[in-house]
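Just so it is clear: chains get the letters A, B, ... in the order the sequence lines come, proteins before strands, and each one is counted from 1.
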Amino acid sequence: MDMKKLASVLIPDKDLLPVEEYEKIYPERERAPKAEITRLAPSPTGFIHLGNLYSALADERSAHTTDGVFYLRIEDTDEKRKVEGAVESVIRSLNYFGLGFDEGAEIDSPLNKYGPYYQRQRAKIYRAFVKVLIEKGLAYPCFCTETELDSVREEQTSQKKTTGYYGEYAKCRNLSEEKIYENINAGKKFVIRLKSQGGIENKIAFRDAIKGEVTVTENDQDVVILKSDGIPTYHFAHVIDDHFMRTTLVIRGEEWLSSLPVHLELHKVLGFKPPRYAHTSSLMKMDGGTKRKLSKRKDPELSLDYYRKAGYFPVAVVKYLMTLLNSDFEEWALKNPDKDYRDFKFRIEKMSRSGALFDLDKLNDVSKTEISRLSAEECFDFLDKWVQEFGSEADRAHFKDKEYIIKVLELVMGIGGKKRRKDIERAEQGVRLIDYFFDDAFAPEYSYRFDDETVNTVLDEFINTYDPEDDNSVWFAKVKAIAPKVGFAGETSEYKANPNAFRGNVSDLAEILRIAVAGAPNSPDLCTIMRILGKDRSVSRLQAGKR
RNA sequence: GGCCUUGUGGUCAAGCGGUUAAGACGGAGCCCUCUCAAGGCUCAAUCCCGGGUUCGAUUCCCGGCAGGGUCACCA
């Protein structure tokens with residue numbers, strides 16, 4: 001059979017470059033010996049989830065801790081997946097969490113010498129290589145229809161045989177020349193399949209950067225490399241792209257491990273040296289009694305928007321992911337609280353082989369810690385950003401008075417003091433925590449634990465002696481002085497020594513004041529709250545607190 | 001189902017032939033305290049099971065079991 005002729009009938013493009021040219025167009029990158037070239041290669045659905053961020057972080061860290069390059073390539077070979085504005089959305093999402101690309105689609109960079117970075121725009125490259133494969137007899141046209149394929153698969157399934165297009169099931173593999181041209185002339189649609197040279201009985205020892213030694217078998221499937229629309233499949237396109245974009249490390253989910261044999265064979269027939277592969281295990285979630293992969297449909301916490309809306313500190317999400325990526329990160333971060341997480345020496349080899357359960361408690365803890373390190377100014381900015389995007393009308397009005405908010409934050413969050421509040425994990429909580437400093441949001445429940453007479457006496461007594469100029473100790477002394485009048489203990493020690501002798505303790509007395517002024521039995525230092533509120537508002541709240 | 005893969009406290013996990021089996025999150029308790037928060041201290045909790053190999057296995061081998069992945073002209 002004249003393969004050259006067949007190839008030019010199947011791939012009739014007139015403007016294809018000789019494949020050797022591409023080696024010159026996309027030369028080896030100049031890089032330090034250990035510099036990694038990594039990539040994020042999403043399909044353009046625009047939906048980036050936590051799992052993507054997790055793997056993107058591994059890519060980004062691998063590249064940027066080695067002076068390498070992290071680039072963005074868009075795998076748009078499937079038209080159905082395309083969503084408008086998706087690429088920008090991917091970039092924006094990653095930027096929000098502090099990850100940036102050095103090169104690639106929609107990235108303005110002098111490094112963009114390995115493009116185009118959209119696979120659809122690279123069709124000529126792929127087709128040139130497919131053509132060569134056909135000429136070499138390593139690929140062939142397949143005219144099988146979807147229904148034919150389906151029935152073969154059913155037959156294989158019922159006979160408990162391995163499904164797929166291989167061996168005796170590869171009907172079009174050895175079509176005669178006449179038959180091929182007959183089909184073509186009849187206008188039948190076709191795909192191009194790889195004529196696999198491998199045998200499933202041959203085991204290959206493969207070294208995965210994360211999983212270590214992995215045994216896989218050779219591929220024996222005549223996989224589709226060029227779809228009937230003339231666009232390659234993922235398998236083929238990514239092999240070409242990773243080679244010509246001179247990728248050194250491919251980090252991807254472990255769901256790809258099973259198609260690794262195909263990719264290895266493709267590299268082989270194309271004459272490429274495969275990059276290193278690192279297969280990450282996916283993030284899991286506890287559901288009922290068992291672990292399962294985090295799912296887009298069931299788990300809102302998979303969506304990155306979830307973290308934005310809830311007001312997690314972006315770096316906290318990244319740091320949490322870092323603890324999952326390299327488990328010694330946590331210890332390092334504890335020892336180096338002031339260092340940027342980027343100073344940590346990330347290594348892909350340190351990644352865990354098994355799938356980590358996503359642990360919201362842990363994320364919350366990391367976020368708390370991050371937020372507790374913010375200065376008043378930073379804290380304001382952080383909360384303000386959230387308020388502007390997700391807060392209520394009232395929240396936005398409150399946040400116009402930056403000076404006041406900062407004063408409130410310093411008190412409530414204990415900023416600048418030794419007793420730093422450390423239980424705020426999300427912006428939303430922080431915003432709600434200071435609501436009672438605004439009259440329009442002040443909504444006390446007055447859930448006193450004492451009778452009305454006691455409450456009123458306490459409130460009145462306090463109002464009578466209250467002086468906004470008092471410092472904390474004078475203020476508290478005045479509170480203590482009220483105790484005997486309602487039968488409470490003025491000193492906790494007295495109360496503890498003989499609890500039955502009193503109706504309550506100073507702490508209970510303070511609680512009454514607290515409920516009146518702050519609207520809840522718990523709050524930071526009451527004296528300071530009153531000082532921030534000012535005399536008039538404090539007194540009017542104390543008055544309103546009477547039953 | 002075939003193939004691949006994983007299995008240390010509730011969770012993330014160090015450990016890689018001899019350890020009191022780290023650490024962190026979470027939990028419990030105590031102390032401090034005008035409450036909350038913060039801080040200090042203490043505690044509970046783990047090597048999936050069964051066979052080997054070995055003087056000795058959490059560590060090595062085999063077999064179970066359990067989880068995960070994958071079997072498209074989707075990526």
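A:Arg503 forms no cation-pi arrangement with A:Phe450, by the criterion of a distance under 6.0 Å to the ring centre and an angle within 45° of the ring axis.
Across all strands shown, A:Lys203 has heavy atoms under 4.0 Å from sugar-phosphate atoms exclusively, and none from any base. Contacts of A:Ser281 with the nucleic acid, taken as non-hydrogen atoms under 4.0 Å apart, are absent. Across all strands shown, A:Ser352 has heavy atoms under 4.0 Å from sugar-phosphate atoms exclusively, and none from any base. Residue A:Ser228 is in base contact, counting any heavy-atom pair closer than 4.0 Å across all strands shown. Residue A:Asp328 is classed as having no contact, given no heavy-atom separation below 4.0 Å to the nucleic acid. Using a 4.0 Å heavy-atom criterion, one finds that A:Lys160 contacts no nucleic acid atom at all. Looking at heavy-atom distances under 4.0 Å, A:Ser523 makes contact with a base. Residue-level contact check: A:Arg153 touches the backbone only, with heavy atoms under 4.0 Å from sugar-phosphate atoms and none from bases. When heavy atoms are screened at a 4.0 angstrom cut-off, A:Lys368 is found touching the sugar-phosphate backbone but no base atom. At a threshold of 4.0 angstrom between heavy atoms, the contacts of A:Arg420 are confined to the sugar-phosphate backbone, with no base atom among them. In this structure, A:Lys418 reaches the sugar-phosphate backbone alone: every heavy-atom distance under 4.0 Å involves primed, P, OP1 or OP2 atoms, never a base. Across all strands shown, A:Thr77 has heavy atoms under 4.0 Å from sugar-phosphate atoms exclusively, and none from any base. A:Met413 comes within 4.0 angstrom of nothing in the nucleic acid, heavy atoms only. Residue contacts for A:Ser259: at a heavy-atom cut-off of 4.0 Å it reaches no nucleic acid atom on any strand shown.
Nucleotides B:rU19 and B:rG15, compared at atom C1', are 9 Å apart to the nearest Å. A distance of about 37 Å separates the P atoms of B:rC61 and B:rG26, rounded to the whole Å. Distance noted for atom P between B:rU59 and B:rG17: 11 Å (whole Å). Look at the C1' atom in both B:rG63 and B:rA75: the space between them is 38 Å, to the nearest Å. Between the C1' atoms of B:rA37 and B:rC32, the separation comes to 13 Å (whole Å). Nucleotides B:rA14 and B:rG23 place their P atoms 15 Å apart, quoted to the nearest Å. Comparing the C1' positions of B:rC41 and B:rU33 gives an interatomic distance of 16 Å, to the nearest angstrom. Look at the P atom in both B:rG51 and B:rG2: the space between them is 26 Å, to the nearest Å.
A side-chain donor from one of A:Ser196 and A:Glu265 sits under 3.5 Å from a side-chain acceptor of the other. A donor and an acceptor atom, one from each side chain of A:Ser523 and A:Arg514, are located under 3.5 Å apart. Side-chain contact check for A:Tyr234 and A:Asp78: no donor-acceptor pair (N or O, by modelled atom type) lies under 3.5 Å. Defined by atom type and a distance below 3.5 Å, a donor-acceptor pair is missing between the side-chain atoms of A:Asp359 and A:Tyr320. Between the side chains of A:Thr247 and A:Arg39, no donor-acceptor pair of N or O atoms lies under 3.5 Å.
Here B:rC34 is the nucleotide among B:rA72, B:rC34, B:rG68 with the atom lying nearest to any side-chain atom of A:Asp525. Ranking B:rA37, B:rG68, B:rA75 by closeness to the A:Lys419 side chain, first place goes to B:rA37. Closest to the A:Asn522 side chain, of the nucleotides B:rC36, B:rC73, B:rA24, is B:rC36. Closest to the side chain of A:Lys362, out of B:rC25, B:rA75, B:rA37, is B:rC25. Ranking B:rG2, B:rU11, B:rA38 by closeness to the A:Thr162 side chain, first place goes to B:rG2.
The distance from atom CE of A:Met351 to atom C1' of B:rU5 is 15 Å, rounded to the nearest whole Å. Computed from coordinates, the A:Leu433 CG to B:rA37 C1' distance equals 9 Å when rounded to whole Å. What separates CZ of A:Arg120 from P of B:rC74 is a distance of 10 Å, to the nearest Å.
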**Request:** Could you check A:Leu374 against A:Phe313 for side-chain contact (heavy atoms from CB on, under 4.5 Å), going step by step and ending with a plain yes or no?
**Result:** CA-CA 11 Å; A:Leu374 265 26; A:Phe313 200 65; 3.8 Å; yes
**Request:** Could you walk me through whether A:Phe129 and A:Tyr126 pass the ring pair (Phe, Tyr, Trp, His ring centres under 6.0 Å) test, one step at a time?
**Result:** CA-CA 5 Å; A:Phe129 280 90; A:Tyr126 310 127; 8.9 Å; no
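Proximity of A:Lys211 to the phosphate of B:rG69: no side-chain N or O atom is located under 4.0 Å from OP1 or OP2. Considering only side-chain N and O atoms, A:Lys496 lies under 4.0 angstrom from the phosphate OP1 or OP2 of B:rC32. Distances shown here put every side-chain N or O of A:Lys80 at or beyond 4.0 Å from the OP1 or OP2 atom of B:rC73. OP1 or OP2 of B:rA75 has not a single side-chain nitrogen or oxygen of A:Arg252 nearer than 4.0 Å.
Between A:Asp423 and A:Ser354, the residue whose closest nucleotide on RNA chain B is further toward the 5' end is A:Ser354. When each of A:Glu331 and A:Phe358 is assigned the nucleotide of RNA chain B with its nearest heavy atom, A:Phe358 is the one assigned upstream, toward the 5' end.
In this structure, CZ on A:Arg252 lies 11.5 Å from CG on A:Asp59, to the nearest 0.5 angstrom.
Residues from residues 139-149 of chain A placing a heavy atom under 4.0 Å of any atom in RNA chain B, listed by number, are A:Cys144.
Looking at A:Arg120 and A:Glu79, a side-chain N of the basic residue comes within less than 4.0 Å of a carboxylate O on the acidic one, giving a salt bridge.
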